[in-house]
Protein chains: 2
Amino acid sequence: MSGIQEIASATGLSKSTVSRALRNLPSVAPATVTTVRRKADELGYIPSSAASGLATGRNRAVGVVVPVIDRWFYVRVLEGVDAELRRAGYDLILFNLGGPPSDRERVFHRSILRKRVDALVLLSLVFTEEEREQLELTEYPTLVIGGPAPGIRHLGIDDHDVAYRATKYLLDLGHRRIAHIGGRDEAGMNALVPGERHEGYVDALAQAGIVPEADWSPNGEFTLAGGRDSMARLLDADVVPTAVFAASDEMAFGAMIAIQQAGLRVPDDISVVGIDGHVFGEVFGLTTFAQDPTAQGARAARVLLDELTGKPALPWFDPAPVVLVERTSAAPPPAH
Amino acid sequence: MSGIQEIASATGLSKSTVSRALRNLPSVAPATVTTVRRKADELGYIPSSAASGLATGRNRAVGVVVPVIDRWFYVRVLEGVDAELRRAGYDLILFNLGGPPSDRERVFHRSILRKRVDALVLLSLVFTEEEREQLELTEYPTLVIGGPAPGIRHLGIDDHDVAYRATKYLLDLGHRRIAHIGGRDEAGMNALVPGERHEGYVDALAQAGIVPEADWSPNGEFTLAGGRDSMARLLDADVVPTAVFAASDEMAFGAMIAIQQAGLRVPDDISVVGIDGHVFGEVFGLTTFAQDPTAQGARAARVLLDELTGKPALPWFDPAPVVLVERTSAAPPPAH
DNA sequence: ATGAAAGCGCTAACAT
DNA sequence: ATGTTAGCGCTTTCAT
């Protein structure tokens, strides 16, 4: 109801002065600031972001685009982005590309590109050539978290390297029969991540002179149920692995459950390691290579915010850290 | 860069006609619409939400306020709200009250009340008297999901009833020694939910003439680890329950893990039931009373959107449905 | 330190 | 069916 104008009238000042006072600009008498602020409170003044956005071209908001919301990784990243934005007084607009593919187009055009945000964080997304161009046209500072995206700078862990380390870890424990529960491309999501992790696995094995069984890389779909089912199939085969490297903790949990359900024990019969650092890891006793998506999100937001205030754009990021968290799901293979 | 004006000039039409054409208003010649749209594409026209927001007073955005993001329930609700908003071409602004309490105040004033949204969905939040007043001043259509909030209409399940049914279910199976893993108030979150669930449990027991042991309502903090620890403690006592009703699936999973780690079996030695309908339930084989937070979110968004288009406000909602999903975690108590 | 005036890009009467 | 004219509520020169 009440705008800057009412405050001006009520205090006998001009709109400009009120505007300045409200924004703590220099060259406003301290006394004036006090008067203005008090009147503002009194009148229950609430600034209109549309008006200031129109006048300045700044929205004080950044968009976060996700392929789906309901995934541990995205939620954690969101948490990090949010924390940093909040400190800066920026709002977070969430764009979910999930659901019917037709929606994707709509969201993309009608929403993302609507000049509502000042910058964009894209999570694990792969874009079409056309979408990329559109994004560039907007000239928003933009970056991708979670998996390389051709043509856009990205922030995240080195997927090949973690997978390599995870496999190596199992190798060093003495395992030779190591399976890998991974993923495949999913609609609109980054297909490169599962690919790189699989390669890291294959490469580590190759270096040890091992060629993995053909069907030892089942698709766990990055879900708990997928991990369980994949493991169950692995357990059914003629030759069973003594260790499993899952491309995500969730799949690793699924594998652990399948192993127990089969009457076997982790790690006595089969060792399991994952990637992620999921909260549930502690309870499951999962040995994993943990990343910190929240930190990645915060970092991304920080970078974007800096660029919004004029800092030159970073063209490239060092890989985000991954730390080995040793718990009880991995041990040397059974003696026999 | 280019606005409605350039299109007007380029086509020889007036700003108004272009505006109308772009918004598919009636009373614009079909041919004109075509011309305008083509020119718009050609020029890479992107509407400014700030400008139209300022002109109309509508932002085509709704805010969702959460106490923390990283919780199964909230994420699912978010998914539902988002789906509905997307269909209507609305954006979703996420306000996270989590983190330092000082932030809460800032988010509340600087962001939520900034006239950036047209309506508000509040998740499991309890507000101070002052916050409530502020909210009312904004006159946004508002509603709460997940737990009653004094003074604001709310949408969600009947917590007392589910808890009653869950306990009754165990009772009907023949159990007499039933424990309840629940929660307590958490910073800024709805303290009423765990309370109601606990009461439902107590009431069902009372009706069967049972007074629960004093320490059979441990605080599982609504987390997996909390559920596990609570169960472990329960298992350590002199007299051990034959069944456990957990106020959330996550705590139920934790309880199941603790039971297994103690060398006991579910449901042979101890039965477990939960509330929620968490995806992991299937893999864990958890018998639970499932709600559908996504549907609740969608419903909420639908209602708000309707009210934005003039429909009279609904003062009250029927409780959201809860369905019993029977799996393998609950059975009659051991014979002896 | 403060004020006056123009304008951000769109929408909405009110014409015609 | 289209054009004219005012704003929406701020910020920002440019004066003073």
Side-chain angles (χ1 to χ4, degrees), chain A residues 1-37 39-40 43-61 89 91 110-111 113-118 138, chain B residues 1-37 39-40 43-61 89 91 110 113-118 138-139 308-309:
Chain A
M1 28 216 105
S2 81
I4 215 184
Q5 178 63 268
E6 343 273 274
I7 304 181
S9 314
T11 54
L13 290 161
S14 72
K15 274 191 346 181
S16 346
T17 304
V18 172
S19 174
R20 291 183 188 111
L22 254 15
R23 285 176 299 151
N24 281 323
L25 293 193
S27 83
V28 179
T32 310
V33 175
T34 319
T35 323
V36 171
R37 306 205 90 94
K39 241 320 172 263
L43 296 174
Y45 168 73
I46 295 168
S48 153
S49 62
S52 74
L54 182 54
T56 60
R58 294 300 199 180
N59 299 290
R60 296 194 77 79
D91 288 334
R110 298 230 309 236
S111 294
L113 306 173
R114 251 170 126 213
K115 298 186 179 158
R116 175 163 281 187
V117 300
D118 299 327
T138 65
Chain B
M1 29 215 100
S2 81
I4 215 183
Q5 178 62 270
E6 345 271 273
I7 304 182
S9 315
T11 55
L13 291 160
S14 73
K15 271 190 348 179
S16 349
T17 303
V18 172
S19 173
R20 291 182 190 114
L22 255 13
R23 285 176 298 152
N24 281 322
L25 292 193
S27 82
V28 178
T32 310
V33 175
T34 320
T35 323
V36 170
R37 305 204 91 92
K39 242 317 173 267
L43 296 174
Y45 168 73
I46 295 168
S48 154
S49 63
S52 74
L54 182 54
T56 59
R58 294 302 202 174
N59 298 290
R60 295 194 77 77
D91 289 334
R110 297 230 311 236
L113 307 172
R114 249 170 129 213
K115 298 186 179 159
R116 173 162 282 186
V117 299
D118 299 326
T138 66
E139 294 186 319
L308 249 18
T309 64

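Per chain, numbering begins at 1; letters A, B, ... match sequence-line order. What you see below is based on every heavy atom in this structure, not just the backbone, and it leaves out hydrogens, waters and symmetry mates.
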Would you list the atom pairs, donor with acceptor, under 3.5 Å between side chains in residues 48-57 of chain B and any protein atom, with sequence neighbours excluded?
{"from": "B/Ser48", "atom 1": "OG", "to": "B/Ala50", "atom 2": "N", "distance (Å)": "3.4"}
{"from": "B/Ser48", "atom 1": "OG", "to": "B/Ala51", "atom 2": "N", "distance (Å)": "3.0"}
{"from": "B/Ser49", "atom 1": "OG", "to": "A/Arg116", "atom 2": "NE", "distance (Å)": "3.4"}
{"from": "B/Thr56", "atom 1": "OG1", "to": "B/Ser52", "atom 2": "O", "distance (Å)": "2.7"}
{"from": "B/Thr56", "atom 1": "OG1", "to": "B/Arg58", "atom 2": "N", "distance (Å)": "3.0"}
{"from": "B/Thr56", "atom 1": "OG1", "to": "B/Arg58", "atom 2": "O", "distance (Å)": "3.4"}

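- Whole-Å rounding puts the A/Arg60 CZ to D/dT11 P distance at 11 Å.
- Summarising the geometry, the separation between CD1 on B/Ile46 and C1' on C/dG9 is reported as 14 Å, rounded to the nearest angstrom.
- Contact detail for A/Arg114 and B/Asp91: the closest heavy-atom pair is NH1-OD2, 4.2 Å.
- A sub-4.0 Å separation between OP1 or OP2 of C/dG9 and a side-chain N or O of A/Arg114 is absent.
- Nearest approach of A/Asn59 to A/Val117, heavy atoms of both residues: ND2-O, 3.5 Å.
- For the helix from C/dA1-D/dT16 to C/dT16-D/dA1, the terminal axes (five pairs an end, C1' atoms, rotation from four pairs onto the next four) enclose an angle of 30°, given to 10 degrees.
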Pairs under 3.5 angstrom, nitrogen or oxygen only, protein versus nucleotides 2-6 of chain C, please.
{"from": "C/dT2", "atom 1": "OP1", "to": "A/Thr32", "atom 2": "OG1", "distance (Å)": "2.7"}
{"from": "C/dT2", "atom 1": "OP2", "to": "A/Ala29", "atom 2": "N", "distance (Å)": "2.9"}
{"from": "C/dT2", "atom 1": "OP2", "to": "A/Thr32", "atom 2": "OG1", "distance (Å)": "3.1"}
{"from": "C/dG3", "atom 1": "OP2", "to": "A/Ser14", "atom 2": "N", "distance (Å)": "2.7"}
{"from": "C/dG3", "atom 1": "OP2", "to": "A/Ser14", "atom 2": "OG", "distance (Å)": "3.1"}
{"from": "C/dG3", "atom 1": "OP2", "to": "A/Thr17", "atom 2": "OG1", "distance (Å)": "2.9"}
{"from": "C/dG3", "atom 1": "N7", "to": "A/Arg20", "atom 2": "NH1", "distance (Å)": "3.3"}
{"from": "C/dG3", "atom 1": "O6", "to": "A/Arg20", "atom 2": "NH2", "distance (Å)": "2.3"}
{"from": "C/dA4", "atom 1": "N7", "to": "A/Ser16", "atom 2": "OG", "distance (Å)": "3.3"}
{"from": "C/dA4", "atom 1": "N6", "to": "A/Ser16", "atom 2": "OG", "distance (Å)": "2.8"}

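- Put simply, CG on B/Asn59 is 13 Å from P on C/dT11, counting in whole angstrom units.
- Between B/Ser48 and C/dC10 there is no side-chain N or O to OP1 or OP2 distance below 4.0 Å.
- Per the geometry, CZ belonging to A/Arg23 stands 17 Å off P belonging to D/dG9, to the nearest Å.
- Nearest heavy atom pair, residue A/Lys39 against residue A/Thr11, reads CG-CG2, 3.4 Å.
- Listed by chain and residue number, nothing satisfies the side chain to side chain donor-acceptor pair (under 3.5 Å) test with A/Lys15 (two or more places apart in sequence, or in another chain).
- Here A/Arg37 contributes atom CZ and A/Leu22 contributes atom CG; the two are 6.0 Å apart, rounded to the nearest 0.5 Å.
- Between the CG atom of A/Leu43 and the C1' atom of D/dG9 there is a distance of 15 Å, rounded to whole Å.
- Here B/Ser19 pairs with B/Ile4, B/Arg23 under the side-chain contact (heavy atoms from CB on, under 4.5 Å) rule; sequence neighbours left out.
- Look at CD on A/Gln5: it is 10 Å from P on D/dG9, rounded to the nearest Å.
- The side-chain contact (heavy atoms from CB on, under 4.5 Å) check on A/Ser14 picks up A/Ser16, A/Thr17, with sequence neighbours excluded.
- Side-chain proximity of A/Leu54 to the nucleotides D/dT11, C/dG9, D/dC10 is greatest for C/dG9.
- The distance between atom CZ of B/Arg116 and atom P of D/dG9, rounded to the nearest whole Å, is 17 Å.
- Atom CD1 in A/Ile4 sits roughly 19 Å away from atom P in D/dG7 (whole-Å rounding).
- Closest of all the heavy-atom pairs between B/Asp118 and B/Arg60 is OD2-N, 2.7 Å.
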